[in-house]
Structures are given as structure tokens and as C-alpha cells.
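We name chains A, B, ... by the order of the sequence lines, and we start the count at 1 in each one.
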There are 2 protein chains.
Amino acid sequence: MENRIQRIKEALQEAQYKLTPQREVTVKVLLENERDHLSAEDVFLKVKDKYPEIGLATVYRTLELLSELKILDKINFGDGVSRYDLRKEGAKHFHHHLVCMECGAVEEIEEDLLEDVEKIVEKEYNFKVMDHRLTFHGICGNCQSKKD
Amino acid sequence: MENRIQRIKEALQEAQYKLTPQREVTVKVLLENERDHLSAEDVFLKVKDKYPEIGLATVYRTLELLSELKILDKINFGDGVSRYDLRKEGAKHFHHHLVCMECGAVEEIEEDLLEDVEKIVEKEYNFKVMDHRLTFHGICGNCQSKKD
DNA sequence: AGTTATAATGTTTGTGATTATCAAACAAAG
DNA sequence: CTTTGTTTGATAATCACAAACATTATAACT
């Protein structure tokens, strides 16, 4: 964990930004909740526990900054809130999501799965793919068994 | 075009809704701008040209209704606005998009391309896929050639 | 046609997430 | 220490969208 903070610090500095205490706390919260897709509000509340003086705007600014630096991915599952997801270290691509239409649970898929599709897109549509977002909507295993 | 309006009318009636003049104008605007990923505001302005008395809320309601009936797909490219996209007739799935990071152009892909991926997801993750959203971010052909 | 029930509309007001503003705190450099 | 630029926190503003509600249209009866 310390390593990852260190790495993020370096990324910030490379882009002429500092890892201020506020930013560090925010990053820590993101690391500690890596699998939850937190909204800005969620992050704000969790950060506030550790650093009560922080302002909402600072959290928004930090999330925006980390997104620009591709440390975070800003996602939108269609419920009027942006959610933030740490990009895996070294991951070229955004990972995929399975959103359950019943219970709202969000599962992540680390596998790429899209290599072939991207090749087709590059060739047939002459489009240079830099990143992708793939979300499946459906019914998760849990909710499927409940229905029986 | 008249056919498609007729088909949409039937879909509405099947769900106990009427094709009111306001709804018809809204549908026409959507058909006339089928390739354009309009926001609710965009639709409202275009509808207003043809039917100045219409209220914003009616347009929102109509877009919502058509989305529920799967005539429209509501999409989100990450700029804080929802955009609306007519579903091709008979299409089970949402079509994909190529968003150019340079010029912002949005191209559509009709091909499914995800059949294999969905099979993997259903098997390995025990997730029943109902729909999907896939967007590629990258550089379109136009912008690629400009760079040379 | 007249009456009533229901659906749909338009105006206006609310709401909730995000952004902008701006003065104050802080940090770095001379 | 002084100056300059960065970052912060409080607050107000914005913006997309939803809710409320009175009004109007439509359909189904009589």
C-alpha cells in the first residue's frame, strides 16, 4: 500500500503536482475501498473521518486530478452519480463491469476479453483504440438463484 | 419514415400509451437526427422549432418513456448529459460507439462483436447478460491522417 | 352533446451533483 | 522576510433532471 502511494506521489510530481495531506488521505481511502465503486460523496464522507477539516471541493478536485492523470477512472452506471475506480497498476485498459439489474451489485472483470474485438475495430473502422469501456447489464448469480 | 413512426405508435399502444402530437414530433426529431446522439436539451430545441408550445418536461417524459420501451437507448459519454439513441429495429442489443478523443466525433458500430465475450461472461461469472454497453475511446481515421 | 374518468401536458419549483469563486493558508524561491 | 504561485475550504452558482400540480385533451359512457 505504501508503495502504491509512493508511485502515485511520483506520478503527481511528474505532472508538477504535490501530494498534499488532503490528497494523500483521499488516495488512501480509494486504496482501502478499491473494490467498491465510490461516488464523490462516498469518498468525501470516508475522507472526513480521517481528516475532518477537509472540504468537499477539495475531494472533487482531487478526484478530477487523479482522473486526468489516469490513476483513477471515472465511471457512470446511469444512476446520476459519477463513480471512481482505481486503475490497476500497469493496466493499459479500463476493466469491465457486470451490473446486476436486480440488486445493483457491481462485479469487476480483470480479463481483457476485447483483444480480438479491438483488432477488428482498428482494421475495419480505421480507428486507433486507446481505451474502452464495457459494461454488461443483467442478472447476477445471486439474484438468479433467488428467482427459482 | 412513416413506417417507423407507425411501428413506434404500435409499440406505445401495446403498452397502453398514446402517440400524442407532442410525442410524434419528438419521435420525428429523433428519426431525423438518427446518427446524432442528441441530449435532452438538443431534442427539446429541435422539437420546439416544430411545436413551439411544447414544454421541456414533456420532452424529458417522452424520452424516458421511449427508453423504457427500448425504442431509445439512453447513453452517457461522460460529459454530464444523457444522450439518446434510437435502437435499430429488431436489434436485441445496444450498438457500440467509437468516440474520438481528438475531435469528439462519435461513430456507431452495428455489428454485435460481443457474442463470444458474452458467452464467457455467462459461463465464467455466472452472470445472465441482458444488455451491454461498449465504447471505444481513441483516434478516428480523420484525426489520424491529420497528424501525419 | 354532456358527464365523468383517465392520461398527458406545460409551468413552475425543487433537488442533488458538480463547478466556480475567492479569500485565506501554505509552500517554494529569491 | 518577501514575493509568487499553489492548494485549500466555505460558499454561492449552475445545470440537468425530477416532482408537483393545476390545466387541458382524450376516451368511454350515458
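Residue-level contact check: B:Ser82 touches the backbone only, with heavy atoms under 4.0 Å from sugar-phosphate atoms and none from bases.
With rounding to whole Å, A:Glu68 atom CD is found 11 Å from C:dT19 atom P. Between B:Phe44 atom CZ and C:dT9 atom P there is a gap of 14 Å when expressed in whole angstrom units. For the pair A:Glu53 CD and C:dC26 P, the computed distance is 11 Å after rounding to whole Å. The interatomic distance linking B:Lys9 (NZ) with D:dT26 (C1') rounds to 13 Å, in whole Å. Rounded to whole Å, atom C1' of D:dA27 lies 13 Å from atom CD of B:Gln13. Between B:Leu56 atom CG and D:dA19 atom C1' there is a gap of 13 Å when expressed in whole angstrom units. The nearest whole Å value for the distance from the NZ atom in B:Lys18 to the P atom in D:dT24 is 17 Å. Between the CZ atom of A:Arg23 and the C1' atom of D:dT7 there is a distance of 6 Å, rounded to whole Å.
Contact annotation: A:Thr58 reaches the phosphate of D:dG9 (side-chain N/O to OP1 or OP2, under 4.0 Å).
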**Request:** Apply salt bridge (Lys or Arg N to Asp or Glu O under 4.0 Å) to A:Lys9 and A:Glu24, showing your working.
**Result:** CA-CA 9 Å; A:Lys9 183 176 179 181; A:Glu24 185 166 357; over 6 Å; no
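Taking the six-membered ring where tryptophan is involved, the planes of B:His96 and B:His132 are tilted, since the angle between them lies from 30° to 60°.
Looking at the side chain of A:Lys74, the nearest of the listed nucleotides C:dT19, D:dA16, C:dG10 is C:dT19. Taking only side-chain atoms of B:Gln22, from C-beta outward, the nucleotide of D:dG9, C:dG10, D:dC17 with the closest atom is C:dG10. Between D:dC17, C:dA8, D:dA19, one nucleotide has an atom nearer to the side chain of B:Ala57 than all others, and that is D:dA19. Here the side chain of A:Arg61 is nearest to one of C:dA7, D:dG9, C:dT19, namely D:dG9.
Not one N or O on the side chain of B:Glu107 forms a donor-acceptor pair closer than 3.5 Å with the backbone of A:Tyr125. Side-chain N or O atoms of B:Glu110 include none that pairs as donor or acceptor with a backbone N or O of B:His95 at under 3.5 Å.
Positionally, the nearest nucleotide of DNA chain D for A:Ile54 lies more toward the 5' end than for the other of B:Pro21 and A:Ile54.
A salt bridge does not link B:Asp36 to B:Lys46: none of the charged nitrogens lies less than 4.0 Å from a carboxylate oxygen.
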